[in-house]
Participant: 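One structure follows; several queries about it will come next.
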2 protein chains.
Amino acid sequence: MKLQKETESPKGTAEGKHGRWYGDACGTAFALELVGERWSLLIVRELMMGGRRFSDLRRVLPGISAKVLTERLAGLEAAGVLKKRQIADPVPAQVYELTEWGYYAEVAIRELGRWAARSPLHDPSLPLTPVGLMLSMRTLIDPEKAKAFDAVIGFEVAGESFVAELKDGQLPIRRSSSLGDPSSAQVIFRAPAGPVVAAALYGKLPIAEVEAEMGLKVEGDRELAERYIGLFALPEKIV
Amino acid sequence: MKLQKETESPKGTAEGKHGRWYGDACGTAFALELVGERWSLLIVRELMMGGRRFSDLRRVLPGISAKVLTERLAGLEAAGVLKKRQIADPVPAQVYELTEWGYYAEVAIRELGRWAARSPLHDPSLPLTPVGLMLSMRTLIDPEKAKAFDAVIGFEVAGESFVAELKDGQLPIRRSSSLGDPSSAQVIFRAPAGPVVAAALYGKLPIAEVEAEMGLKVEGDRELAERYIGLFALPEKIV
DNA sequence: CAGAATCCCATTCGATACTG
DNA sequence: CAGTATCGAATGGGATTCTG
């Protein structure tokens, strides 16, 4: 990012002013120029389930400062990864939303996560944002097992709602404004935080135990919930 | 990386001393802690075709300083991505080699590259290292077309030699110490630099033209070379 | 409250010089 | 060849302030 700062790459000769960029035709190197700065890819991750406001991003990315978030959003917009958009819906506000191409980054984000989760040093007990949880499901679902299974699952995690529509081995997930009782979901997982759902999906703790000890609530078809959980497996560690 | 510096994550409470780490269970966030610093992932990329020495890395990563390379290698070793190994083969020396898990990062590296290459801002005319070229072939080959085609192709690019063994739609590539005439390759591409081969593979310029104007030499079965080139296509740009 | 702008300090980067 | 040592410049991040 920072594509149009003071001194852009002079006549395409491969490097910015201070050798700050890589000057490498390799797509990976270019990706790192676009999203390689601290926080950038996590911002993209948080936008993967739809546009978010500035303050939403600050909330789910604890530790990012307003200054850095501002800089990153500007850089990602200059890079064509996201666009700032005015909305008038609930109240006049602006949301940051991925461009079509920005959404294509999901595969790379997933594969980075799949790889890193296989490190023995990875600590899955840390906090997990609702969007992080949703993306982890899309990463870790077993596509073979999923083929034989259609379902509509609702999630309400830390106040954010999503609907996952399992079909043809695919698991598209969208944000849902209201996951009320007139929902089409056959089963709804409600949890105060991401790791609670993760404990059920990946930790393979019995649902009842996660309900009793971590505040999960599974509403609707509990047998379906069990089958759904059976679709996921953490990748094995490697050393 | 920097996993065991002065103040490691205190009792696993999610953040390092200065909030430098993300404290996020999301595998992607952890990946960024491991390889998210400037240059790290490009070092991993350059090791993807086998171990390299310190000076090899400095040469193919123009712009990286000895200091930063030293720091990154130490960090990546602490993270379990690579290992320093003593060799005595040609001369006593030490090489940095990916661990088994380190090699698994290739998918993520490829997907980052595939994504970024679809940006209209990507400039494919920049320099391309031999390893970058080899990885780009593994990224951009059409697996469907490749299924019906077995071949052994040699490459000698900027003094580095590789053999690619196309079989069952897979394209494993290994470094080759000598790509002499007693080689098993059915066709050999020789070029002074990566972009020359890229011009033939992805630019779809006629072989004869790339030979005449860019210094490519195609030895052996030229018809096979044409068929091989036909397996590759740049992904379309999106906006 | 949303978000941009400013100030300040710690860390990091990169170039150069130097060493076993 | 394989790194260390050093130093100025750039960046990162927190706190504060300003604007709507």
Participant: On the nucleotide C:dA2, are OP1 or OP2 found under 4.0 Å from the side-chain N or O atoms that A:Tyr96 carries?
Facilitator: no
Participant: Ignoring hydrogens and angles, tell me if any N or O in the side chain of B:Thr99 forms a donor-acceptor pair with the backbone of B:Gly80 under 3.5 Å.
Facilitator: yes
Participant: Figure out the CD/C1' separation between B:Glu71 and C:dT12, and round it to whole Å.
Facilitator: 8 Å
Participant: Specify the separation, in whole Å, of atom CD1 of A:Ile64 and atom C1' of D:dG13.
Facilitator: 10 Å
Participant: Does A:Trp101 use its side chain to pair, donor to acceptor, with the backbone of B:Trp115 at less than 3.5 Å?
Facilitator: yes
Participant: Looking at C:dC1, I'd like to know if its phosphate oxygens (OP1 or OP2) sit under 4.0 Å from a side-chain N or O belonging to A:Ser55.
Facilitator: no
Participant: Expressed in angstrom and rounded to an integer, what is the separation of A:Arg52 atom CZ from C:dG3 atom C1'?
Facilitator: 17 Å
Participant: Indicate yes or no: does B:Lys83 engage B:Glu97 in a salt bridge with an N to O separation below 4.0 Å.
Facilitator: no
Participant: Relative to the ring of B:Phe30, is the ring of A:His122 parallel (under 30°), tilted (30 to 60°) or perpendicular (over 60°)?
Facilitator: tilted
Participant: Please round to 10 degrees the angle between the axis of the first five pairs and the axis of the last five pairs in the helix from C:dC1-D:dG20 to C:dG20-D:dC1.
Facilitator: 30°
Participant: Return the nearest nucleotide to the side chain of A:Val68; candidates are D:dG12, D:dA2, C:dG14.
Facilitator: D:dG12
Participant: Between A:Leu57 and A:Leu73, is there a side-chain heavy-atom distance shorter than 4.5 Å?
Facilitator: yes
Participant: Between A:Leu69 (CG) and C:dA4 (C1'), how many Å, whole number?
Facilitator: 11 Å
Participant: Applying salt bridge (Lys or Arg N to Asp or Glu O under 4.0 Å), run through A:Arg174 and A:Glu165 and close with a yes or a no.
Facilitator: CA-CA 9 Å; A:Arg174 63 175 200 283; A:Glu165 206 150 347; 3.5 Å; yes
Participant: Let me know, please, whether A:Lys84 or B:Ser65 comes out on the 5' side of the other along DNA chain C by nearest nucleotide.
Facilitator: A:Lys84
Participant: To the nearest Å, give me how far apart CD (B:Glu77) and P (D:dA2) are.
Facilitator: 15 Å
Participant: Whether A:Gln94 contacts C:dA2 is assessed here as follows: a side-chain N or O lying under 4.0 Å from the phosphate OP1 or OP2. Is that the case?
Facilitator: no
Participant: Is the distance from OP1 or OP2 of D:dG12 to the nearest side-chain N or O of A:Trp39 less than 4.0 Å?
Facilitator: no
Participant: Could you state the interatomic distance from CZ (B:Arg114) to OG1 (A:Thr28), rounded to the nearest 0.5 Å?
Facilitator: 10.5 Å
Participant: Send over the distance from B:Arg58 CZ to C:dC13 P, rounded to a whole Å.
Facilitator: 15 Å
Participant: If each of B:Asp56 and B:Lys67 is mapped to the nucleotide of DNA chain D with the nearest heavy atom, which maps nearer the 5' terminus, i.e. the 5' end?
Facilitator: B:Asp56
Participant: Hey, can you tell me if B:Tyr96 and B:Phe54 have their rings parallel, tilted or perpendicular (30° and 60° cut-offs)?
Facilitator: tilted
Participant: If only side-chain N and O atoms of A:Arg72 are considered, is one of them under 4.0 Å from the OP1 or OP2 phosphate oxygen of D:dG12?
Facilitator: yes
Participant: Round to a whole Å and report the spacing from CD1 of B:Ile43 to C1' of C:dC13.
Facilitator: 13 Å
Participant: OP1 or OP2 of C:dT12 less than 4.0 angstrom from a side-chain nitrogen or oxygen of A:Arg38, does that happen here?
Facilitator: no
Participant: Once you round it to whole Å, what is the distance between P of D:dG14 and CG of A:Leu61?
Facilitator: 12 Å
Participant: Side-chain N or O of B:Thr70 versus OP1/OP2 of D:dG3: is the shortest distance under 4.0 Å?
Facilitator: no
